[in-house]
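Not measured: the values here are computed from a predicted model. Lettering of chains follows the sequences in order, A, B, ..., and the numbering in each one begins at 1.
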Number of protein chains: 2
Amino acid sequence: MKLLESQKSILQALKNKEMCIVIGECAVDYDGRAHSNLPRGKRMLLIKADLSISIHENRLIRPTNYMMKASISCELNDKTKTLIIKAKRNNPKETITAEFTEIIDINSYDLPESNDLRLVGSEKELNDALMDDLSFLEAGLKPINQQQYFRTGICDIIAEDAKGRLVVIELKRRQADYGAVTQLKRYAEEVQKMKGVETRGILLAPSIRKSALDLLKKYDLEYFSYDFEIKERSKIKGINKSQMKINEY
Amino acid sequence: MKLLESQKSILQALKNKEMCIVIGECAVDYDGRAHSNLPRGKRMLLIKADLSISIHENRLIRPTNYMMKASISCELNDKTKTLIIKAKRNNPKETITAEFTEIIDINSYDLPESNDLRLVGSEKELNDALMDDLSFLEAGLKPINQQQYFRTGICDIIAEDAKGRLVVIELKRRQADYGAVTQLKRYAEEVQKMKGVETRGILLAPSIRKSALDLLKKYDLEYFSYDFEIKERSKIKGINKSQMKINEY
DNA sequence: ATTCTCAGGTGCCTA
DNA sequence: TAGGCACTTGAGAAT
């Protein structure tokens with residue numbers, strides 16, 4: 001495929017905000033937050049309407065190189081007989097240079113930009129489901145706040161238990177790790193300090209890494225496991241407190 | 001484009017391990033770790049040689065739906081006059097169903113699978129650069145171990161300082177956050193307990209979030225900032241200890 | 001196969 | 001704009 005013709009196709013696609021797919025032999029350099037080099041080889045370059053650009057090899061889901069909200073240029077180098085697609089941006093300052101020695105195919109498509117993926121089973125949704133009925137987790141538990149911003153982070157749920165103690169809840173949709181425990185610890189401390197009231201911290205997750213459980217115990221926090229299912233909406237099916245010997249409150 | 005013809009193209013591409021790009025109007029359902037639904041719309045479906053599959057809208061770098069190492073099938077539904085591409089896998093058990101009501105274009109390309117991206121500036125590389133000359137960080141600092149596996153994680157660097165104290169070093173290639181501090185804290189405690197020797201913990205990062213620095217101080221850990229540059233190899237340019245008032249050792 | 005961590009993480013939201 | 005964090009995180013390395 002002629003390079004001049006290719007250049008015209010790409011510029012046209014950019015102008016029309018069409019999804020543009022370039023197949024060809026290229027070498028790719030990236031410089032910015034890191035530095036990478038991809039030797040000459042056959043790849044697919046993808047430009048989207050929002051000026052995101054990515055270079056895909058014939059493996060993996062993630063592209064080898066990528067940039068969002070790029071300034072994209074496409075120029076011919078008459079000396080080297082190559083077509084050079086450059087993507088640049090500031091903040092962070094970075095550059096992708098794809099030098100095509102051969103263009104195998106170019107296709108552009110007018111695909112309307114949309115954003116209508118409906119996702120069920122996110123943490124946010126589980127959070128809402130839990131807030132609907134906290135007594136499910138423990139009798140007498142009443143919701144106070146959700147997604148409360150602290151200096152040290154964002155606390156999933158704050159509630160009050162039957163004995164009037166504050167309860168900080170950190171919810172995870174998958175196995176809890178160290179991060180989950182240290183998050184909960186931070187929020188529990190924050191609440192304790194702010195309110196000066198005895199505060200419990202509960203980590204709620206489908207499972208927990210053994211070492212994270214050790215840390216949790218050390219911090220005097222509690223862990224409950226739970227199951228959930230996802231159909232039309234997320235639904236919390238059951239809570240199991242027996243995995244951990246908890247002092248009876 | 002005829003659906004029957006499309007089906008043949010896709011099956012052929014799968015057989016030949018070609019990168020296959022399908023453009024068309026489709027609705028996509030995902031069920032597995034979560035559940036998602038994408039209403040009918042024009043999109044690009046990408047199948048690669050390693051049987052990874054992804055559905056891209058005309059925006060963002062990441063696909064709306066994706067699966068790696070999938071079992072991919074492609075069948076006609078004569079009643080609904082649709083072409084159905086299904087991707088399945090076990091562990092985790094999940095399914096993507098893309099139902100095409102219209103195929104706009106299909107192209108397949110024989111792109112050899114390769115894996116030759118050379119990336120400079122990874123944390124691993126910076127780690128190696130630092131290990132080459134730890135005295136750069138502090139006079140008299142001697143490396144003992146690198147990437148040591150603990151029960152609680154993997155410690156970047158362990159060294160011994162001029163006074164014979166153990167030093168645990170956590171290195172970050174970008175701004176240090178809570179996670180970096182709690183990681184370091186864990187490893188420092190682990191080493192302290194194992195060896196029964198006074199142990200210092202040093203966090204080394206280009207910068208640190210203010211709240212993370214507060215936590216670090218609370219834990220009696222140290223923070224040094226550093227600059228690095230990435231050309232052929234990563235190189236640590238300088239270390240600045242003055243950002244924090246550190247007790248003189 | 002599980003565990004663990006990095007990533008040029010990306011993307012979303014809110015103060 | 002920066003902070004904080006979820007993500008069907010993905011991807012690789014080590015156990």
_Is there a side-chain contact between B/Lys93 and the phosphate of D/dT8, meaning an N or O under 4.0 Å from OP1 or OP2?_
no

_Classify A/Glu170 by what it touches in the nucleic acid, base, sugar-phosphate, or nothing, heavy-atom distance under 4.0 Å._
sugar-phosphate

_Length of the line joining B/Gln146:CD and C/dC6:P, which is rounded to integer Å_ = 14 Å

*asked:* From CG of B/Leu117 over to P of C/dA7, roughly how many Å is that when rounded to an integer?
replied: 13 Å

*asked:* Give me each pair satisfying salt bridge (Lys or Arg N to Asp or Glu O under 4.0 Å) with a member in residues 54-69 of chain A, each pair once, sequence neighbours excluded.
replied: A/Arg43-A/Glu57

_A/Phe228: which residues meet the ring-ring contact (aromatic ring centres under 6.0 Å, His included) condition with it, sequence neighbours left out?_
A/Tyr226

*Has A/Arg209 got a side-chain N or O lying under 4.0 Å from the OP1 or OP2 atom of C/dC4?*
yes

*Test salt bridge (charged side-chain N to carboxylate O under 4.0 Å, His left out) applied to B/Asp128 - qualifying residues, sequence neighbours left out*: B/Lys124

*Between B/Gln148 (CD) and C/dC4 (C1'), how many Å, whole number?*
15 Å

*D/dT8 base / B/Asn65 side chain donor-acceptor hit below 3.5 Å*: yes

*asked:* Say we look at C/dC4 and D/dT8: how far apart would their P atoms be, to the nearest angstrom?
replied: 22 Å

*Can you list, by residue number, the residues of residues 176-191 of chain B that have a non-hydrogen atom closer than 4.0 angstrom to DNA chain C?*
B/Gln183, B/Arg186, B/Tyr187

*Identify, with sequence neighbours excluded, every residue that meets ring-ring contact (aromatic ring centres under 6.0 Å, His included) alongside B/Tyr149.*
none

*Partner set under salt bridge (charged side-chain N to carboxylate O under 4.0 Å, His left out) for A/Glu190, not counting sequence neighbours*: A/Arg151

_Any base atoms under 4.0 Å from A/Arg151, or only sugar-phosphate, or nothing? Heavy atoms, all strands._
sugar-phosphate

*Listed by chain and number, what are the salt bridge (charged side-chain N to carboxylate O under 4.0 Å, His left out) partners of A/Lys86, not counting sequence neighbours?*
none

*Expressed as a whole number of Å, how far does the C1' atom of D/dA14 sit from that of C/dG8?*
24 Å

_Going by the rule ring-ring contact (aromatic ring centres under 6.0 Å, His included), which residues pair with B/Tyr66 if we only count those two or more places apart in sequence or in a different chain?_
none

*Keeping to residues at least two apart or across chains, list the salt bridge (Lys or Arg N to Asp or Glu O under 4.0 Å) pairs with something in residues 19-38 of chain B.*
B/Glu25-B/Arg40, B/Arg33-B/Glu94

*A/Lys193: what forms a salt bridge (charged side-chain N to carboxylate O under 4.0 Å, His left out) with it, not counting sequence neighbours?*
none

*Can you find a heavy atom in the side chain of B/Met194 that is under 4.5 Å from one in the side chain of B/Phe150?*
yes

*Which distance, rounded to the nearest 0.5 Å, do you find between the CG of B/Asn127 and the CG of B/Asp132?*
10.5 Å

*Near-strand residues of residues 34-43 of chain A, defined as heavy-atom separation under 4.0 angstrom from DNA chain C*: A/Ala34

*Is the shortest distance from a Lys or Arg side-chain nitrogen in B/Asp214 or B/Lys218 to a carboxylate oxygen in the other one below 4.0 Å?*
no

_Test item: B/Leu166 and B/Ile144 side chains (from C-beta on) under 4.5 Å apart, heavy atoms_ = yes

*Which letters describe nucleotides 9-15 of chain D, given B = protein heavy atom under 4.0 Å from base, S = only from sugar-phosphate, - = neither?*
BBSS-S-

*Rounded to whole angstrom units, what separation is found between the CD atom of B/Glu123 and the P atom of C/dG8?*
11 Å

*Roughly, in whole Å, what's the span from CG in A/Asp50 to P in C/dC12?*
10 Å

*Atom CG of A/Leu203 and atom P of D/dA6: how far apart are they, to the nearest Å?*
11 Å

*Which comes earlier along DNA chain D counting from the 5' end, the contact point of B/Lys210 or that of A/Lys124, where each point is its nearest nucleotide?*
B/Lys210

_Nearest whole Å is fine: how far is C/dC12 P from A/Glu125 CD?_
17 Å

*Mind calculating the distance between CD1 (A/Ile154) and C1' (D/dA2) to the nearest angstrom?*
12 Å

*Tell me whether the OP1 or OP2 atom of C/dT2 has a side-chain N or O from A/Gln175 closer than 4.0 Å.*
no

*So does A/Thr152 get a side-chain nitrogen or oxygen closer than 4.0 Å to the phosphate oxygens (OP1/OP2) of D/dG4?*
no

*Contact class for B/Gly32 (heavy atom, under 4.0 Å): base, sugar-phosphate, or nothing?*
nothing

